Amino acid sequence: MSIKILALGGDGIGPEVVDSGLQVLEAIAGTISLKIDIGEDLLHGAAWDAHSTFIRPETIRAAHESDALLVGAVGGPKWDHITVDGGPEEQDGLMKLRHELEVFTSLRRARAYDPLLSRTPFRPEVVRNSDVMVVRELCGGAMFSDTRGIDGTDKNRRAYDLNEYTEVEIARFARIGFEVARRRRGKLLSVDKANVFMAGKLWREVVQEIGANEFPDVALTHFFTDNAAYQLSCRPGDFDVILADNLFGDILSDQSAAISGSLGMLPSACLSHLSAGGRSEKPAIYEPVHGSAPDIAGTGVANPIAAILSVAMLLEYSAAERESARKIEAAVASTLEAGFATPDLGGTNTTQEITNEVIRQVLRA
Ligand code: NAD
Ligand code: IPM
Ligand code: MN
């Protein structure tokens, strides 16, 4: 089998961690009959510096022609103030790709690792064995609204971003969330602010209806998002799959990173569908949940585990290589057990030392 991958390092630590992810991918591909064809390009700030655009049309074309994209991270103080003509997706190379490929579902997983329990803000008995999957809507809501702007002058300006969801958008996304829950422990928690927002009321109604009609075997509960955030910070072990809109999912996925001890640990898969066999017919994006971490960029100590685990998700969801995905996850766990850790986890290892050890463990398995 062969797979066409477009690697886009992006900005800050993005290229550093994507490089680690690709090293692991190449190592494991050599042990199975997986042929990988990797193309590389610039994204967002790096593309702006070279081509005065956040993403070139040829990059978008290459994305459409790929099976999977591996993205590092985008943004940084050098570019965050730049605005260009057009909607929100034009302001950000990664958002443009999510929009173009219509990957409206982001699976973001946070797990507790025994060697890292003491690195979390939780007591070990509270966080041990936690395994939370935030399923975040990725192409709608206030973050992608065209009804946005800043009007007026002087002290009378008004700013707005319409928080809008159609029934179709909620339903197609909820179905994937239910399916993910079915493949895990059959539990789904949907979060919203149905007590305040009209978009939240429709959200709850549609999720409830899809659950009752199509997924009666999945135990569905609803929380208001503020309460969900509170409960998640008190008893993370009680959570499994959390279904959230674009904004709430962005926040809750970063929050859930505390379970793993660092934001540098969380991978994601951005999908437009969940194929039964694990070979996605449409391009998907795999990316760490973290950003470009300008504070540590170029120092060689970024935690590459989020990017490496994103490669595991790529193998699982786009290459039907579930066994290889499990091998990478096990290699990451063994690396941590052997005491390897970057500074964000309280250690002194470099990005490359972690990568080398994960590869060693992968090849040993
Ligand atoms: P950030 O995620 O870049 O960093 C937050 C904190 O976590 C920082 O202290 C950073 O050093 C640390 N951190 C993040 N990833 C790490 C890793 N792999 N290893 C070690 N430490 C890590 O968030 P921010 O500082 O709010 O944003 C910086 C830039 O990144 C902004 O331009 C923002 O828009 C962008 N951003 C991009 C993405 C993305 O591309 N998916 C996600 C979030 C933020
Ligand atoms: C993320 C990031 C992005 C988002 C930004 C960089 C646009 O925070 O992937 O979580 O909000 O989606
Ligand atoms: Mn985010």
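Numbering of ligands and ligand atoms starts at 1, following listing order. Everything numeric here is computed off the predicted structure, so don't read it as measured data. Side chains included, hydrogens not; waters and symmetry mates left out as well; all remaining heavy atoms used.
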Looking only at protein heavy atoms, identify the closest one to atom 35 (C) of ligand 1 and say how far it is in Å.
-> V74 O, 3.1 Å
Proximal ligand 1 atoms for G75, defined as those under 4.0 Å from one of its heavy atoms | 32 (O)
Protein heavy atom at shortest distance from atom 2 (C) of ligand 2 | D250 OD1, 4.2 Å
Nearest to the Mn ion (ligand 3), which N, O or S atom of D250 do we find?
-> OD1
Any side-chain donor near an acceptor of the partner, E209 and N213, under 3.5 Å = no
Under 4.0 Å from a heavy atom of A73: give me the atoms of ligand 1 that qualify, with their elements.
-> 40 (O)
Indicate yes or no: does E316 engage R326 in a salt bridge with an N to O separation below 4.0 Å.
-> yes
Among all protein heavy atoms, pick the one closest to atom 42 (C) of ligand 1 and tell me residue, atom and distance.
-> G291 CA, 3.4 Å
Give the numbers and elements of all ligand 1 atoms closer than 4.0 Å to a heavy atom of G76.
-> 32 (O)
Take atom OH in Y160; do more than 12 heavy atoms of anything else shown fall under 6.0 Å from it?
-> yes
Taking atom 31 (C) of ligand 1 as the reference point, the nearest protein heavy atom with its distance = D80 OD2, 3.6 Å
Passing candidate, side-chain hydrogen bond (donor to acceptor under 3.5 Å, both in side chains) with N246, options R98, E169, R136 | R136
How far is atom 10 (C) of ligand 1 from its nearest protein heavy atom, and which residue and atom is that?
-> D295 OD1, 3.5 Å
Among all protein non-hydrogen atoms, which one is nearest to atom 13 (N) of ligand 1, and what is the separation to 0.1 Å?
-> A293 CB, 4.0 Å
Side chains of L101 and K282 in contact at under 4.5 Å (non-hydrogen atoms) | no
Short list, please: which atoms of ligand 1 are under 4.0 Å from a heavy atom of E287?
-> 41 (N)
Hey, can you tell me if F144 and H99 have their rings parallel, tilted or perpendicular (30° and 60° cut-offs)?
-> parallel
the protein heavy atom lying closest to atom 11 (O) of ligand 2 turns out to be M143 CE, 3.1 Å
Going by the order shown, which atoms of ligand 2 are within less than 4.0 Å of some heavy atom of R98?
-> 1 (C), 3 (C), 4 (C), 9 (O), 12 (O)
Numbering as shown, the atoms of ligand 1 that approach L94 to under 4.0 Å (heavy-atom distance) | 39 (C), 40 (O), 41 (N)
So is T342 in contact with ligand 1, going by heavy-atom distances below 4.0 Å?
-> no
Does K78 pair with D11 as a salt bridge, N-O distance under 4.0 Å?
-> no
Can you list the atoms of ligand 2 that are under 4.0 Å from a heavy atom of R136?
-> 1 (C), 4 (C), 9 (O), 10 (O), 11 (O), 12 (O)
Would you call E205 and Q208 a side-chain contact if the rule is heavy atoms closer than 4.5 Å?
-> no
Give the contacting part of V289 toward ligand 1: side chain, backbone, both or neither, where contact means a heavy-atom distance below 4.0 Å.
-> backbone
Kindly indicate whether the side chain of D67, heavy atoms from C-beta on, has any atom under 4.5 Å from the side chain of S280.
-> no
Is any NZ, NE, NH1 or NH2 atom of the basic residue among R185 and D240 found under 4.0 Å from an Asp or Glu carboxylate oxygen of the other?
-> yes
Parallel, tilted or perpendicular: which fits the ring planes of H44 and W79, with parallel below 30° and perpendicular above 60°?
-> perpendicular
Applying the side chain to side chain contact (heavy atoms under 4.5 Å, CB included) test to F173, which of L243, V207, I210 qualifies?
-> L243
Min N/O separation I13 to ligand 1 under 3.5 Å = no
Out of F224, Y165, F197, which residue meets the ring pair (Phe, Tyr, Trp, His ring centres under 6.0 Å) rule with W203?
-> Y165
State the CG-CG distance between L271 and L107, to the nearest 0.5 angstrom.
-> 5.0 Å
Tell me, yes or no, whether the heavy-atom count around E65 atom CD, taken from other residues, nucleotides or ligands under 6.0 Å, exceeds 12.
-> yes
Should one rank I296, L43, N303, T351 by closest heavy-atom distance to atom 18 (N) of ligand 1, which comes out on top?
-> N303
Counting only heavy atoms on the protein side, is anything nearer than 4.0 Å to atom 24 (P) of ligand 1?
-> no
In the protein, what heavy atom is nearest to atom 5 (C) of ligand 1, and what distance, to one decimal place, separates them?
-> L263 CD2, 4.2 Å
Nearest non-hydrogen contact to atom 7 (C) of ligand 2 from the set H290, E287, E89, M95 belongs to M95
If you measure every N/O of D92 against every N/O of ligand 2, is any gap under 3.5 Å?
-> no
Identify the closest protein heavy atom to atom 14 (C) of ligand 1: which residue and atom is it, and at what distance?
-> H290 CB, 3.7 Å
Minimum-distance protein heavy atom relative to atom 27 (O) of ligand 1 | P294 CD, 4.8 Å
Please write down residue, atom name and distance for the protein heavy atom closest to atom 1 (C) of ligand 2.
-> R108 NH2, 3.5 Å
For ligand 1, is V17 a contact, meaning one of its heavy atoms is under 4.0 Å away?
-> no
Could you tell me whether atom 37 (C) of ligand 1 has a protein heavy atom closer than 4.0 Å?
-> yes
Check ion pair R175-E214 (N to O, under 4.0 angstrom) | yes
